[in-house]
*Asks:* 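Once you've had a glance at the structure underneath, I'll fire off some questions.
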Protein chains: 2
Amino acid sequence: MTDPSANTSPDDTDGDATPSPSFDVSEYSETEQQIFDAALAEFGRKGKDGARMQAIADSAGINKAMLHYYFRGKDQLYADVFRHTMQRFMASFGASLTEAPTFEETLRAFIEGYVSFVRDNELCVRLIVSENLAGGTLVAEHVRRMKTTEGAPPRVMVDRIQAAVEDGDIRPVDPDHTILSIVSTCIFFFAMRPTVEVLHEDAGDWDAFVTSRTEHIFELIYRGLAPR
Amino acid sequence: MTDPSANTSPDDTDGDATPSPSFDVSEYSETEQQIFDAALAEFGRKGKDGARMQAIADSAGINKAMLHYYFRGKDQLYADVFRHTMQRFMASFGASLTEAPTFEETLRAFIEGYVSFVRDNELCVRLIVSENLAGGTLVAEHVRRMKTTEGAPPRVMVDRIQAAVEDGDIRPVDPDHTILSIVSTCIFFFAMRPTVEVLHEDAGDWDAFVTSRTEHIFELIYRGLAPR
DNA sequence: GACGATTTCAACCAGGTGGTTAAACCGTCC
DNA sequence: GGACGGTTTAACCACCTGGTTGAAATCGTC
């Protein structure tokens, strides 16, 4: 009997972190994809500990035993979902990095692309933040491998900022801190959505808030980086 | 038999959200305080679902049954811990709001105070973010009550920013968005600590990183708010 | 020191959890 | 048809979890 859970390997073999924005895990069968989606939803909403295998099975419209047939168990399933989510996340990071004539446009495109990705993939964000909060044993390896990869998105962004500094487009700043600040402002309010929604509950719907927030972030960061 | 779990009420009766920086829940007995600390540690590290009552009991050096004797059960205990954590958090928010002659100094004091509080109370932050991620049913009521309170820290901060706008110290900005951005940059890197530590693992120890980050945040925000 | 109230404990329980198993199903190739 | 591989299912299990119990130890007080 060929072990179907061997489908975890194909993605591991590749050393490239191609920032292709596509995600749908191609090697996955229809059933596996359904399981995967259900698992992402459950893990993203409840966290690893709060998630119930039964709920995932129900949501995927299959028997609970199938989960252990396709994925070895909860840990495996979670690790798989997390790995793909991480990849998707990194891909979006790269996809938001467009080639633009000015740094201003580059920054604007990045922020807008990043926020819209986060808006459309809230579950991914929740999963990643959740894992970080819970200790992040899985985070370490993925981030480390991504960091050392040559053409990886974060490195590209660092280079972009450094180039802007040398060109005098922005004042001298630490690129790492700067990226962290941008990402913070773009992600944090999604992670804290319940709080934010209460604070701004009289200020229109969520989508409108996200839009105004995008503009605010760009203005703040861009001016904050302006040369003296 | 007087129900000891009635100790949940004394804090509820007060309508004030006095931003006193003190925290030690005075009405708590020594045992209760031990339980409380152990619970905060466990909940903060593992989240509500991941936390184990047995672990809390062990950590507090007491029998598991005591938890149900002093607090009704897991839900009660969690709610209590969360409520006090929320209060402590809001208190720190107010404590960081000092009276300073210039807006620049006010902002610097706030950022430094806030970051140092977060550094010294990482568990509190993790608990709050964790609760937000997990749906935040508890968040809503606390935030709502805090929002409507007149002298509450966030409102004070809003007024402070608005005054600075009117005085021409900073450009016209949405105070809510601005506060959210400040808080994001000050908190997010703590919530994502595992990731951040890997990315900057060759850049000295954590404390040094926090220090440099504080300076970076201030520079970025202050310049980002500068009048045209 | 007796007595009642409070605090502590070991043992126990019901329910839910992840995980397993053995049999049934189903298309396909001989 | 029937053997065979991958797939699906219902029933089942061991274990862990939060929660309970009733009795024993401890404390305050008269």
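Chain letters run A, B, ... following the sequence lines, proteins first and then strands; every chain starts at 1. Only heavy atoms go into these numbers, but all of them, side chains included; no hydrogens, no water, no symmetry mates.
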*Asks:* Tell me every residue that passes side chain to side chain contact (heavy atoms under 4.5 Å, CB included) with Ser96(B), counting only those two or more places apart in sequence or in another chain.
*Replies:* Phe110(B), Tyr114(B)

*Asks:* Starting at CE of Met66(A) and ending at C1' of dT20(C), how long is that distance when rounded to a whole Å?
*Replies:* 15 Å

*Asks:* Is any side-chain heavy atom of Glu131(B) less than 4.5 Å from a side-chain heavy atom of Thr137(B)?
*Replies:* yes

*Asks:* Given atom CD of Gln76(B) and atom C1' of dG18(D), what is their separation to the nearest angstrom?
*Replies:* 15 Å

*Asks:* Rounded to whole angstroms, how far apart are CD on Glu32(A) and C1' on dG6(D)?
*Replies:* 12 Å

*Asks:* When you compare the side chain of Leu40(A) with that of Arg88(A), does any pair of heavy atoms fall below 4.5 Å?
*Replies:* yes

*Asks:* Can you give me the N/O atom pairs linking the protein to nucleotides 15-18 of chain C at distances under 3.5 Å, or say none if there are none?
*Replies:*
residue: dT17(C); atom: OP1; partner: Arg52(A); partner atom: NE; Å: 3.4
residue: dT17(C); atom: O3'; partner: Arg52(A); partner atom: NH1; Å: 3.2
residue: dG18(C); atom: OP1; partner: Ala51(A); partner atom: O; Å: 3.3
residue: dG18(C); atom: OP1; partner: Met53(A); partner atom: N; Å: 3.4
residue: dG18(C); atom: OP1; partner: Lys74(A); partner atom: NZ; Å: 3.2
residue: dG18(C); atom: OP2; partner: Met53(A); partner atom: N; Å: 3.2
residue: dG18(C); atom: N7; partner: Lys64(A); partner atom: NZ; Å: 3.3

*Asks:* Taking the six-membered ring for Trp, are His177(B) and Phe209(A) ring centroids under 6.0 Å apart?
*Replies:* yes

*Asks:* Any side-chain heavy-atom pair from Phe89(B) and Phe117(B) closer than 4.5 angstrom?
*Replies:* yes

*Asks:* Would you kindly give the CG-to-P distance between Asp75(B) and dT17(D), to the nearest whole Å?
*Replies:* 17 Å

*Asks:* In whole angstrom, give the distance that lies between atom CG of Asn63(B) and atom P of dA24(D).
*Replies:* 16 Å

*Asks:* To the nearest Å, give me how far apart CD (Gln34(A)) and P (dT7(D)) are.
*Replies:* 15 Å

*Asks:* To the nearest angstrom, how far is Phe71(B) atom CZ from dT8(C) atom P?
*Replies:* 13 Å

*Asks:* Return no unless some side-chain N or O of Tyr69(A) is found under 4.0 Å from OP1 or OP2 of dG19(C).
*Replies:* no

*Asks:* Could you state the atom-to-atom distance from CD1 of Ile56(B) to P of dC16(D) in whole Å?
*Replies:* 19 Å

*Asks:* Any sub-3.5 Å donor-acceptor pair from Lys48(A)'s side-chain atoms to Lys74(A)'s backbone N or O?
*Replies:* no

